[in-house]
Amino acid sequence: MQTIAVIDFETSGLAPGGGGRATEIAAVLVRDGRIEGSFSSLMKTGVWVPPFIEQLTGISNEMLEQAPAAEEVMRQMAVFTQGCAMVAHNAPFDRGFWHAEMALAGCDPDPAHEFACTVLLARRLYPEAPSCKLGMLAQFHHLPDSGRAHRALADAMTTAHLLLRIQQDVAAQFADELEDWPVDHALLAHLQRANKSALKRSVQDFVRKMKLSEGATSANRGFARASAEAGV
DNA sequence: TGCCAGGCCCTCTTTAGGGCCTT
């Protein structure tokens, strides 16, 4: 199964377009239902962090003065997550900063970096949850304590545990529809856009389509092999 | 306390508006 990188940014504001810059990033690698590694770092961009955000995250302007340059951190992160599909809690937020910081670091976009969102998935799978804020979902599911909330590694780790819980629940809830198909990133990306009142049918449609696609690919491989052997 | 941005979802919708979630 493909490795999924769960990422989380701490930033100086709510959008890169409004002058916001990243102050910290973390990535947690998830594969085969397990957490397999992590990377995190503060990032020095020269941006001023407002007092409200200093208080929220615990990341001060003084701490960032000693941090490695953002460009270097993003280059390391590009290597760490190479070939991984991406997951984040409220993915549009992290995706925006990901693309902005990668561009500023001069890194080319990785086509594997398609984002799935645990907020959208949680809204479909856990309508009984009081809210879909990360902290509330962690409490709702009794997820392991990952440390101080609003720090990148702790939030990325909590999101990784939430992702594992989502994968387990989808596998259990739709076992008949999935047959032997894994709860991979492609299925999650499909489910996050599905009509939540028809999730079972959506899973069935996805698996049918993927198996047809897989069959067509196998048939093409067979045709190509037969053609090669025949000297066509 | 309320606003700031962006993307997405939901509904009393689609020629829109309000709410959620992220820092």
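The model shown is predicted, which means the values in this text are computed figures rather than measured ones.
The residue A:Phe97 sits apart from the nucleic acid: no heavy atom pair falls under 4.0 Å. Residue A:Cys117 is out of contact with every strand shown, counting any heavy-atom pair closer than 4.0 Å. Here A:Asn195 lies out of heavy-atom contact (under 4.0 Å) with every strand. Among the heavy atoms of the strands, none lies under 4.0 Å from A:Ser12. Residue A:Thr57 is in sugar-phosphate contact alone, with no base atom involved, counting any heavy-atom pair closer than 4.0 Å across all strands shown. Heavy atoms of A:Arg95 sit under 4.0 angstrom from primed sugar atoms or phosphate atoms, though from no base atom.
With a heavy-atom cut-off of 4.0 Å to chain A, the contacted part of DNA chain B has its first and last nucleotide at B:dC4 to B:dT23.
Comparing A:Lys196 and A:Pro16, the nucleotide of DNA chain B nearest to each residue sits closer to the 5' end for A:Pro16. Nearer the 5' end of DNA chain B, as judged by each residue's closest nucleotide, is the contact made by A:Ala15, out of A:Ala15 and A:Lys133.
The residues A:Arg201 and A:Glu177 are annotated as not salt-bridged, no charged nitrogen and carboxylate oxygen being separated by less than 4.0 angstrom. Salt bridge A:Asp169/A:Arg165: present, at least one basic N to carboxylate O contact under 4.0 Å.
Through direct or relayed side-chain contacts under 4.5 Å between Ile, Leu, Val, Met, Phe, Trp and Tyr, A:Phe52 connects to A:Leu42, A:Val49, A:Ile53, A:Ile59, A:Met63, A:Leu64.
Distance check on atom P: B:dG18 versus B:dT1 gives 22 Å, rounded to whole Å. Remark: the separation of the C1' atoms in B:dC8 and B:dT14 is 15 Å, to the nearest Å. Going from the C1' atom of B:dG17 to that of B:dC12 covers 11 Å, rounded to whole Å. When the C1' atom is used for both B:dT13 and B:dG19, the distance is 15 Å, rounded to whole Å.
Other residues, nucleotides and ligands contribute more than 12 heavy atoms inside 6.0 Å of the CD atom of A:Glu36. Around atom CD of A:Gln55, no more than 12 heavy atoms belonging to other residues, nucleotides or ligands sit under 6.0 Å away.
A:Asp110 and A:Gln82 share no side-chain donor-acceptor pair at under 3.5 Å.
With sequence neighbours left out, the side-chain contact (heavy atoms from CB on, under 4.5 Å) criterion links A:Pro130 to A:Met136, A:Phe140.
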